[in-house]
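For clarity, every value in this text was computed on a predicted model and none was experimentally measured.
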Amino acid sequence: MARATLRIFLGAAPGVGKTYAMLEEAHRLLGRGEDVVVAFAMHHGRADTQALTDGLETLPPRVIEYRGSAFEEMDLDAVLARHPHTAIVDEYAHTNIPGSRNQKRWQDIEELLEAGINVLSTVNVQHLASLGDVVSAITDVKQAETVPDEVVRRADQIHLVDISPELLRQRLGDGKIYSADKIDAALSNYFRVGNLTALRELALLWLADRVDEGLARYRAENQIEESWPARERIVIGLTGGAEGEVLIRRAARILKRVNGGDLLAVHVRAADGVAAESPQDLEAQRTLIKDLGGSYHTVSGEDPAKALLAFARSVNATQIVVGVSRHKLPARFLTVGVGSRVVRGSGDIDVHMVSHPLGGRGVERTRKRDLGRVRVAVGFAMALVVPVLLQLLLAAAPSHNIATAVLIQLTGSVAVALIGGLRPALLGALWSSLLVNYFSIPPLGTLTINDPQNLLALLVFAGVSSAVAVVVDLSARRSKEAARARSEAATLGDLTRGASTAEDPVQGLLEQALDVFQVHTAALYVSTAERTDSSSGDAAWQLVASAGNAQDEPDDTENIEQVDRNTRLVLTGRVLPASDRRLLGAFGAHLSALLERRQLAATRREMMRLAESNTMRTSILRAVSHDLRTPLAGIKLAVGGLRQPGAKYTEQEEEELLATIDECSDRLDGLVGNLLDMSRITSDSVNALIKPIRWYDVIPAALHGITPGRVRVDLPPNMPPVDADAGMLERVIANIVENAVKYAPDSDVVIVGAAGGLSNTTLAGSPAGELRIIDHGQGVPAANVLKMFQPFQRLDDVPAATGVGLGLAVAQGFAEAMGGTLTAEETPGGGLTMLIRLPLSTGPAFDTTQRFTTPELPALPAPKGL
């Protein structure tokens, strides 16, 4: 079944009208006769949006019980069973409640698309993973729900729902977005004009990038090489010299005048030499272009002007910036500079010729002299003319002998060899031999040679001329090969440096290959199995990494590099010339090394994981074999005493035995709970249900079982809520308090919190709430602080029967699973202070400036034993 289409309505902020626009489109499709069903839509209490659901078939949501509360989620099975033509599914980035089939709603939508059901959905720009840190820096809000950008980019259509910040604030003030009690806080925090303007710009730029990708794909598919000035894009041609910084800054000023666009610096490395390049200058220019918000590229080509123009057209450039020629004035009449050739071939691309301090001062030639077509043609002309001129010179001399004629003609043959190489030199040697024989060797006027010595001299003359021609030709070829090898080595060095800085070296190397080889797609395929297609004999291939729009299977193209028996590198977009094949082979070998390195790294991580699991398993077995046996032995002994036949106990003795059973059972329950929690943490199976939590909502349950009066709670009345999982936060506080009571038996334990709305404490740049659990015991030496949080650690001489040393390890693991931290610091005057930091709930639905009244904590029951 063919995959259905996905349409996403993108907004800059809550309340811009994404759901409203999506439901309007649903009514339009319904009017066209399509089968449309509302699978899940959130109206957020907005009457206008809720009214649009009338007339649309709506499937009832699935109700999931979690931690004593009921939550509504999309009923995926019901939608698949109903199988409409189009399903309306709101909130693309939503995280499903634990117990759902998939963790994220966009994964549910993927199942609908694979089943052939078209989907309309919504998403805000702050939920895009690549923009999460940017949005947090702008709004001071950490987004817990995100969706990968590549998932959103796969949508068939993205509709931007956009309104001005002033109109959005007006809608908020009119009560069309939030209830009246939340309007003032929202206007003062999240919905400030600056925040909304920045979010709007992010949404427009992100969508513009996607539109630009679509335009590039369309031009590539239709083989359109002419530039379309849809967006200002300036390409800077760098030669590798010091003048590149002048060109970059000039291009940046040009781009600033047009208020937006792209800046691309491209270093064109000639395929036959890099003599004029300065690695230090190129590195400085690479840093400068990135600081200015541009990108750096390296391409290679036989003709720098053609390579620069090809790159400019491939990126749809509107302007090119190049420097004036370095050649001095006399040399400009003998050769055409790169800038002049770029101007001639630019077509509709504007070219800026920028003067710089090095212009017209001369430069070392970057291309080695080789035996090109011009030199060979000149050599053939000299081979015909020079011997005749030299013979006329000999004829004008009053007298000469054979040796003089041979030496003079040899000089001419050497000159022809130096200019034209092997073939013109051989022709010149033959022609000179004939002239010397005819005019200088008796009998004159004939080609007959009577004296054997004259014949020997003539043969030596021809041999020396041929030998000189061979040496000159071989030297030119070796020089050209050495220059090309140096160029390829420099290119591979650039590729390695760029790949080493990328998050995924293989992906980074493939992306650079697009520039170096001037192709549209670079893809890496591996063989999936030993089986082959019986009809074609071709192995099955799987795409493992790509840059560009690669196919799932390799195309029938000539640019295939067989890296090894099971790996292929495929480039599409143009047929590579023979001069690039060796570089492609070296490129493939480098990719093979990176793949092997990736595999070794994966194996190493797996071995480390197995080693950690084995260590944890050994520790758990040691704990089970020793620490768990103590409470079990206590229970067994007490029960055995109660069941002993004929034994009579007083009421007080029976109470003591029952208290022992109760105490050992509680201790056993705590040990097993910590072991299970530590197992979940080490296996990365902890899933936190993040929602707004107030500290004083979980503290009473966390202090259950603590002696009344042993812990003093001092929370200010205006502590803002934090994003946390209620159950995990309860366990974190309980474990820390129990640890404080255990290690500071003669000290009071105090729980205090930070007052005020937005805390000065931050987590990853976002505001955070704090809770401090303070004791005045003996404290922990600084050298043992980190060790204190490791599993199965007990400090000092605490008896093993008091626990297996997992309390703080579990607490720290749960705190990090909720996006927070758990740290320890010294209490002034002695003791230990445990500090819990969690992200503040500063979303638009929560007013962090509101003052809450701390409820009176219930009376704590009598302890059952620790």
Side-chain angles (χ1 to χ4, degrees), residues 1-11 18-44 49-67 69-124 127-129 144-159 161 542-543 552 685 687 689-690:
M1 179 179 296
R3 178 184 171 90
T5 60
L6 171 63
R7 298 167 60 183
I8 293 179
F9 292 80
L10 173 68
K18 303 180 303 299
T19 305
Y20 190 93
M22 178 180 63
L23 293 175
E24 278 191 329
E25 178 65 14
H27 278 281
R28 189 186 69 83
L29 296 176
L30 185 64
R32 292 173 47 186
E34 292 189 12
D35 182 16
V36 181
V37 166
V38 178
F40 194 87
M42 299 289 293
H43 55 77
H44 300 285
T49 305
Q50 187 175 4
L52 282 177
T53 59
D54 297 338
L56 295 174
E57 180 184 351
T58 303
L59 295 179
R62 179 188 176 195
V63 179
I64 300 178
E65 295 287 339
Y66 184 72
R67 293 187 180 273
S69 301
F71 299 89
E72 292 184 349
E73 294 287 358
M74 180 182 69
D75 194 338
L76 179 58
D77 292 329
V79 181
L80 292 173
R82 172 63 175 78
H83 203 281
H85 183 271
T86 301
I88 307 300
V89 185
D90 209 357
E91 298 184 353
Y92 191 65
H94 171 73
T95 300
N96 294 328
I97 297 297
S100 304
R101 180 186 305 177
N102 298 308
Q103 183 181 7
K104 293 286 188 176
R105 182 163 293 166
W106 65 263
Q107 296 170 330
D108 294 339
I109 292 176
E110 286 293 316
E111 290 196 30
L112 298 179
L113 296 174
E114 294 297 334
I117 302 174
N118 298 328
V119 176
L120 274 62
S121 189
T122 62
V123 70
N124 277 334
H127 296 302
L128 298 174
E145 293 183 332
T146 59
V147 59
D149 287 48
E150 59 270 17
V151 175
V152 182
R153 290 178 185 273
R154 289 203 302 261
D156 299 277
Q157 298 180 35
I158 297 180
H159 306 266
V161 182
Q542 180 182 5
L543 179 66
D552 293 336
S685 61
N687 295 317
L689 177 59
I690 303 297

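The side-chain hydrogen bond (donor to acceptor under 3.5 Å, both in side chains) search around Ser69 returns none, not counting sequence neighbours. For Ala26, the side chain to side chain contact (heavy atoms under 4.5 Å, CB included) criterion is met by Val36, Leu56, Ile88, not counting sequence neighbours. Judged as a side chain to side chain contact (heavy atoms under 4.5 Å, CB included), and not counting sequence neighbours, the contacts of Ala70 are Val63, Glu65. Taking Leu76 as the reference, Met74, Leu80, Arg101, Asn102, Asp108, Glu111, Leu112 meet the side chain to side chain contact (heavy atoms under 4.5 Å, CB included) condition, with sequence neighbours excluded. Residues satisfying the ring pair (Phe, Tyr, Trp, His ring centres under 6.0 Å) criterion with Phe40, sequence neighbours excluded, are absent altogether. Partners of Ser121 according to the side-chain hydrogen bond (donor to acceptor under 3.5 Å, both in side chains) rule, which considers only residues two or more places apart in sequence or in another chain, do not exist here. Every residue two or more places apart in sequence or in another chain that forms a salt bridge (Lys or Arg N to Asp or Glu O under 4.0 Å) with Glu110 is listed here: Arg3, Arg154. Residues passing the side-chain hydrogen bond (donor to acceptor under 3.5 Å, both in side chains) test with Asp75, sequence neighbours excluded: none. Checked against side-chain hydrogen bond (donor to acceptor under 3.5 Å, both in side chains), Thr49 has no partners two or more places apart in sequence or in another chain. In this structure, His94 has no ring pair (Phe, Tyr, Trp, His ring centres under 6.0 Å) partners at least two apart in sequence or on a different chain. A search for side chain to side chain contact (heavy atoms under 4.5 Å, CB included) contacts involving Thr58 returns Val38, not counting sequence neighbours.
To the nearest 0.5 Å, atom OH of residue Tyr92 and atom CD of residue Gln107 are 9.5 Å apart. To the nearest 0.5 Å, the span separating OG1 on Thr122 from CG on Asp90 amounts to 3.5 Å. The distance from the CG atom of Asp156 to the CZ atom of Arg7 is 10.0 Å, given to the nearest 0.5 Å. Thr146 contributes atom OG1, which lies 10.0 Å from atom CH2 of Trp106 (distance to the nearest 0.5 angstrom). To the nearest 0.5 Å, atoms NE2 (His85) and CG (Leu30) are separated by 12.5 Å. A distance of 11.5 Å separates CD1 of Ile8 from CZ of Arg153, quoted to the nearest 0.5 Å.
Taking both residues in full, the closest heavy atoms of Val79 and Ala39 are given as CG2-CB, 3.6 Å, listed atom of the first, atom of the second, then distance. Heavy atoms only, all atoms of each residue included: Lys18 and Gly11 are closest at CD-N, 3.4 Å. In plain terms, the two heavy atoms of Pro84 and Val37 that are nearest each other are CB-CG2, 3.6 Å.
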Chi angles and distances behind the salt bridge (Lys or Arg N to Asp or Glu O under 4.0 Å) call for Lys104, Glu145: CA-CA 9 Å; Lys104 293 286 188 176; Glu145 293 183 332; 5.8 Å; no
Could you walk me through whether Glu25 and Arg28 pass the salt bridge (Lys or Arg N to Asp or Glu O under 4.0 Å) test, one step at a time? CA-CA 5 Å; Glu25 178 65 14; Arg28 189 186 69 83; 2.5 Å; yes
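With hydrogens and angles disregarded, a donor-acceptor distance shorter than 3.5 Å links the side chain of His83 to the backbone of Ala115. Between the Asn118 side chain and the Thr5 main chain, a donor and an acceptor come within less than 3.5 Å of each other. Under a 3.5 Å cut-off, the side chain of Glu73 and the backbone N or O of Ile97 do form a donor-acceptor pair.
Note: His159 and Phe9 have parallel aromatic rings, judged against thresholds of 30 and 60 degrees for the angle between ring planes.
With Val89 as the fixed residue, the side chain to side chain contact (heavy atoms under 4.5 Å, CB included) test singles out one of Ile109, Ile117, Leu120: Ile109. Tested against Glu24 for a side chain to side chain contact (heavy atoms under 4.5 Å, CB included), the candidates Leu29, Leu52, Thr19 yield a single pass: Leu52.
Among residues at least two apart or in separate chains, salt bridge (charged side-chain N to carboxylate O under 4.0 Å, His left out) pairs with a member in residues 54-63 are Glu57-Arg82.
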